[in-house]
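The structure displayed is predicted, hence computed values, not measured ones. Just so it is clear: chains get the letters A, B, ... in the order the sequence lines come, proteins before strands, and each one is counted from 1.
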Amino acid sequence: MSTETPLDLKKTVNLPKTGFSQKANLGQSEPARLKKWAEMDLYAMIQRSREGREKFILHDGPPYANSDIHIGTALNKILKDFVVKSRVMLGFDSPYVPGYDCHGLPIELFVDKKLGAKKANMPAVSIRRACREHASEALKRQTRDFQRLGIFGLWDNPYMTMSNAYEAETARLFGRFVERGYVYKGARPVYWCIHDQTALAEAEVEYREHTSPSVYVKFPLVTDPKSIDPALEEKKVFFLAWTTTPWTLPSNLGLAVNPIFEYAAIENGDEVYIVASELADAVAEKCGLGTEARVLARFPGAQLDRLEARHAWLNRPSLLMLGEHVTLGGEADAETELDVKEARDKRATGKAGTGVVHTAPGHGHDDFVIGTRYGLEIYCPVDNAGRFTSEVEHFAGERVFEANAKIVDFMRGQGSLLFSEEYAHRYPHCWRCKNPVIFRATPQWFISLDARGDNTLTETDEDGRAVSNFTENEGDAPLNLREGALKEIERVKWIPSWGRERMKNMLKNRPDWCVSRQRVWGVPIPVFYCKGCDEAIADSNIIKHVADIFERETADAWYAREARELLPEGFACPKCGGQDWTKETDILDVWFDSGSSSVAVLEKYPELRWPADVYLEGGDQYRGWFNSSLMVGLASHDRAPYDRVITHGWVINVQGEKMSKSQGTGISPNEVVKQSGAEILRLWVASSNYQEDVRVSDEILNRISDAYRKMRNTARYALGNLDGFNPARDSVPYDELMEIDRWALEELEVVALRSRAAYEAFEFFTVYHALYNFCTVTLSARYFDIIKDRLYTAAPRSVARRSAQTALYRIVDALARLLAPVLVFTADEIWENLPREDERAASVHMAEFPAGRALVDAELLTRWAGIFEARDVVLRALEEARAAKTIGSSLEAKVIITASGGTHELLKRYAGELRYIFIVSQVELKQSAGEAGAPLGVEVVRADGEKCERCWNYSVHVGESERYPSLCERCVAVLGEIEGEQRA
RNA sequence: GGUGGCGUAGCUCAGUUGGCAUGAGAGCAGGCGAUCGAUAAUCGCCCGGUCGCAAGUUCGAUUCUUGCCGCCACCA
């Protein structure tokens with residue numbers, strides 16, 4: 001026995017100690033850590049650390065460089081970051097080159113507004129400069145915000161669709177389409193303002209109240225009526241069409257009916273009208289034929305295919321066509337594109353139609369599509385100012401809106417009008433001059449989806465691999481773009497899997513790709529026209545020449561230079577030999593720009609490669625970027641530029657409505673970052689099932705903050721109890737660990753396996769829930785609570801304590817790695833606060849996920865599942881005792897358990913441990929003769945003996961030591977150990 | 001209107017190849033309590049769901065089928 005003074009009991013308790021603070025203070029700590037990472041150039045370090053590893057390429061879809069980032073943009077970028085970081089930690093070389101979509105209408109419109117009236121007199125080059133500046137500004141801000149979110153990537157050198165190299169490549173790729181025979185010039189209806197005499201984009205029209213004449217027009221059947229139904233023999237049969245744009249009637253070339261509708265022939269005196277059966281009564285009433293239609297015959301719409309009618313008054317055929325776009329009820333019925341919008345808003349509010357749709361291919365989108373399918377001319381006898389051209393009988397020179405009334409009068413006089421009335425509806429207007437617009441076919445450049453490419457690739461790429469795999473058998477005609485795309489869609493992996501179906505459906509019915517835009521902020525369509533003979537020069541060699549100029553000077557060269565300077569020297573028109581040229585004024589659709597990225601980026605950055613392993617974007621990109629990228633991939637490499645496509649849903653609020661900035665329902669990512677930290681936003685993304693729409697609200701973010709704190713505290717507890725622990729020196733071999741410590745490690749193994757698998761499958765929400773549940777239930781509520789006694793009161797270097805520390809160390813080390821892709825900042829902070837180890841990487845982001853063992857000790861886990869079941873029963877009993885005021889703290893309790901059969905055996909095996917597992921002072925185990933499966937009997941009484949001053953357990957041995965009279969036998973022994981160590 | 005998707009506790013998610021733990025789980029939130037040696041922490045107990053609605057198939061459906069409703073995206 002020592003004669004020294006007894007130890008200060010408080011000081012012999014091993015309380016947690018760590019530099020890892022409880023409060024995260026993310027608002028300040030995150031920027032500080034970002035600065036540190038920037039100084040050490042962590043991204044480059046990560047890249048170097050993975051040199052030579054298998055590559056995994058996520059190709060960034062470029063966000064639009066217009067405004068500040070939106071919550072949806074944040075969701076997208078954070079998900080991408082999860083992918084890249086987790087692939088790095090799975091051991092891949094996974095670089096990330098972010099990009100920006102810089103051209104296009106919204107920027108140009110913004111600049112228009114800023115320049116105001118000045119713009120009219122400005123040269124295109126100046127406008128483009130202003131656009132370029134605007135995009136640069138926006139992308140700088142976005143870059144700053146993305147970095148603030150903890151997203152790692154090549155931020156110093158992102159790709160920009162407006163860079164000279166990119167613009168040049170875009171032009172070259174257009175040349176590639178030309179070379180393969182996919183490009184043609186044709187007419188297609190677009191919004192047209194007859195006041196400003198310009199085409200308008202969808203975004204440039206606004207809907208306002210407008211009154212139009214609503215007319216029911218008779219088109220006489222030319223085909224023998226008895227071929228439809230014998231009952232119609234010898235009758236005067238008419239198709240009855242409805243429209244609110246009578247001025248498009250002179251351009252009528254056909255009538256559309258829905259093949260799956262039933263149609264009826266209704267009688268009116270000696271005339272018979274064909275309308276949709278379901279609308280027959282409504283039409284009859286409207287047109288004054290009585291309240292009930294007299295039906296002579298009924299037949300399916302499909303039966304009317306390709307029958308011939310005559311124009312309502314012109315001596316010209318009007319072809320019967322079948323179209324799914326024909327609907328019943330609502331105002332969309334007999335309409336051109338202009339009114340279809342209306343139907344969207346008002347859904348079948350009134351039955352104004354007839355089920356027979358007047359079709360003018362030059363004046364409506366549906367009309368155009370169906371007209372093209374049936375080989376009709378895209379007829380548009382209306383000039384830029386909205387006047388009928390001279391070929392229009394009776395109305396030449398009339399302005400279309402004024403012509404409406406004249407046409408109605410004319411039809412009334414001539415007998416083809418059955419009924420007309422004024423009709424109020426919403427109609428598109430020019431956003432600038434506020435006048436109503438029309439739909440009018442104008443010349444545009446198209447990429448054909450059905451033309452056979454007549455110039456298949458024969459080249460090899462840099463790796464010497466043949467890049468043509470379009471045709472499997474020599475001699476077969478090459479697939480066209482549509483067929484090629486469908487084939488590739490089959491091969492690509494879609495996540496979620498229904499993406500394939502969706503992509504296919506979209507592709508099947510899509511019309512040719514109109515790549516013309518009548519704008520200046522973009523890549524010009526590099527085509528020349530001969531002034532002498534009007535020949536269009538769309539030639540891939542010429543385009544290559546132009547692209548090389550773009551490469552040096554940006555595409556501004558198109559506007560800054562004369563045509564002659566852009567063409568090879570001495571170039572003459574192959575048709576007439578002329579040498580005077582004009583330049584095409586249209587620019588390329590921005591989707592062509594971004595669609596070019598796989599080639600313009602993946603093949604240009606040395607760390608990347610074509611094709612990409614994965615594209616990851618919102619579901620709106622099926623028709624957008626996924627599609628345009630696929631087209632460019634096919635034209636350039638005969639293959640999709642991606643092997644996998646992952647899509648995410650939209651960010652919506654609690655009511656399930658989409659986030660809207662204008663309605664103030666949006667949550668700004670920058671606000672969240674400022675108030676709560678980027679970690680919270682990232683954790684929110686991880687917690688959500690992104691494959692569906694993702695909900696966000698203040699409440700949800702608060703929950704996430706709570707979850708963050710819980711995980712942080714869990715890590716902090718482990719770190720605090722590892723103070724002074726040296727893994728190399730103090731670790732206890734696995735086989736010598738106490739069983740509950742092994743249990744914790746087995747549970748860790750299960751979670752680690754699960755998380756790894758979830759990362760591999762891009763199921764981050766599974767990672768989140770697995771890790772969060774592990775922290776709260778397995779660790780905090782169970783393991784940590786149970787080992788607390790041992791950690792605090794056992795001798796610091798005792799095997800018992802080191803056993804727990806060994807487990808804690810491995811757990812928190814693994815936790816940091818597994819959390820790293822999500823909690824980028826916090827995981828790194830945990831990493832820093834782990835006990836030093838020589839081979840530890842400078843940042844958790846250079847480390848890999850825990851390797852994981854193949855085998856888990858399932859038997860051990862099953863045993864402990866049984867123990868914890870019993871524990872739950874005991875805890876309930878303790879709660880009752882607490883309510884009865886028998887005990888307060890659970891250490892004041894002694895638990896008497898009665899069990900039978902297997903349960904008894906199990907508990908007996910751990911008899912010595914039970915008091916620690918239940919966190920009570922004493923446990924008495926009794927065997928009952930009850931049948932197997934009988935409920936556990938639990939009795940709770942006051943613990944025997946006195947409370948030990950040091951460990952707070954109750955013991956009958958307190959007071960037995962003279963030196964430490966207030967201590968239990970355990971603590972007396974521990975203090976002896978400590979004193980021994982101090983002497984040594 | 002077309003195509004695709006979603007709908008399990010207040011919130012985020014599990015789960016059910018249709019019953020074989022017949023009583024649908026977890027965490028958070030809420031209520032009550034314990035502790036005061038993870039402390040702007042920690043632990044426990046309790047409350048909470050007619051698995052969107054309605055039919056059908058079946059001995060039996062939240063799970064299968066159909067229809068409907070609601071919400072979202074793309075498109076017309």
Counting primed atoms plus P, OP1 and OP2 as sugar-phosphate and everything else as base, spell out the protein contacts along nucleotides 12-17 of chain B at 4.0 Å heavy-atom distance: B, S or - for each nucleotide, 5' to 3'.
BSS---
Each nucleotide in nucleotides 29-45 of chain B should get exactly one letter: B, S or -. Can you fill that in based on protein heavy atoms under 4.0 Å?
S----SS-BBSSSSSBS
Please report the distance separating the [atom1] of [N] from the corresponding atom of [M], rounded so that it comes out in whole Å.
{"N": "B:rU62", "M": "B:rU57", "atom1": "P", "answer": "15 Å"}
{"N": "B:rC75", "M": "B:rA14", "atom1": "C1'", "answer": "35 Å"}
{"N": "B:rA9", "M": "B:rC51", "atom1": "C1'", "answer": "10 Å"}
{"N": "B:rA26", "M": "B:rA34", "atom1": "P", "answer": "25 Å"}
{"N": "B:rC64", "M": "B:rG18", "atom1": "C1'", "answer": "8 Å"}
{"N": "B:rC53", "M": "B:rU35", "atom1": "C1'", "answer": "48 Å"}
{"N": "B:rU39", "M": "B:rA61", "atom1": "C1'", "answer": "50 Å"}
{"N": "B:rG23", "M": "B:rG19", "atom1": "P", "answer": "13 Å"}

Between [X] ([atom1]) and [N] ([atom2]), how many Å, whole number?
{"X": "A:Ile71", "N": "B:rC72", "atom1": "CD1", "atom2": "P", "value": "18 Å"}
{"X": "A:Ile652", "N": "B:rC11", "atom1": "CD1", "atom2": "P", "value": "12 Å"}
{"X": "A:Phe626", "N": "B:rC75", "atom1": "CZ", "atom2": "P", "value": "14 Å"}
{"X": "A:Asn258", "N": "B:rG2", "atom1": "CG", "atom2": "P", "value": "10 Å"}
{"X": "A:Arg502", "N": "B:rG2", "atom1": "CZ", "atom2": "P", "value": "16 Å"}

Per the side chain to side chain donor-acceptor pair (under 3.5 Å) rule, what does the pair list look like for residues 782-795 of chain A, sequence neighbours excluded?
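For residues 782-795 of chain A: A:Asp741-A:Tyr783, A:Asp741-A:Arg790, A:Asp789-A:Asn953, A:Asp789-A:Arg970.
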Under the side chain to side chain donor-acceptor pair (under 3.5 Å) definition, can you give me all pairs with a residue in residues 868-881 of chain A, not counting sequence neighbours?
A:Glu879-A:Arg882
My understanding is that only residues two or more places apart in sequence, or in another chain, count here; which of them pass ring-ring contact (aromatic ring centres under 6.0 Å, His included) with A:Phe918?
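Once residues adjacent in sequence are excluded, A:Phe918 has no partner under the ring-ring contact (aromatic ring centres under 6.0 Å, His included) criterion.
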Assuming nearest nucleotide by heavy-atom distance, tell me which of A:Asn505 and A:Glu869 is located more 5' along RNA chain B.
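That would be A:Asn505.
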Any chance the side chains of [X] and [Y] put a donor and an acceptor closer than 3.5 Å?
{"X": "A:Thr12", "Y": "A:Arg950", "answer": "yes"}
{"X": "A:Tyr708", "Y": "A:Thr826", "answer": "yes"}
{"X": "A:Ser687", "Y": "A:His769", "answer": "no"}
{"X": "A:Asp620", "Y": "A:Trp625", "answer": "no"}

Going by side chain to side chain donor-acceptor pair (under 3.5 Å), name the residues that satisfy it together with A:Glu262, two or more places apart in sequence or in a different chain.
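In terms of side chain to side chain donor-acceptor pair (under 3.5 Å), with neighbours along the sequence ignored, A:Glu262 is linked to A:Ser277.
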Look at atom NZ of A:Lys493 and say whether more than 12 heavy atoms of other residues, nucleotides or ligands are closer to it than 6.0 Å.
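Result for NZ/A:Lys493: open.
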For [X], enumerate each residue passing the salt bridge (Lys or Arg N to Asp or Glu O under 4.0 Å) test, keeping only those at least two apart in sequence or located in another chain.
{"X": "A:Arg709", "value": "A:Asp706"}
{"X": "A:Glu892", "value": "A:Arg942"}
{"X": "A:Glu692", "value": "none"}
{"X": "A:Arg682", "value": "A:Asp81"}

Remember a base hit wins even if backbone is also touched, and classify A:Val369 as base, sugar-phosphate or nothing at under 4.0 Å, heavy atoms.
nothing
Think A:Arg754 forms a cation-pi with A:Tyr759, using NZ or CZ under 6.0 Å from the six-ring centre and within 45 degrees of its axis?
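Not satisfied by the 6.0 Å and 45° rule.
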Atom pairs under 3.5 Å: protein N/O with N/O of nucleotides 64-68 of chain B:
none

Intra- and inter-strand pairs of RNA chain B in dot-bracket (Watson-Crick or G-U wobble, both distances under 3.5 Å; | for another strand):
(((((((..((((.....[.....)))).(((((.......))))).....(((((..]....)))))))))))).
In plain terms, say whether A:Lys894 and A:Glu939 are close enough for a salt bridge, that is, a side-chain N and a carboxylate O under 4.0 Å apart.
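No, no charged N to carboxylate O under 4.0 Å.
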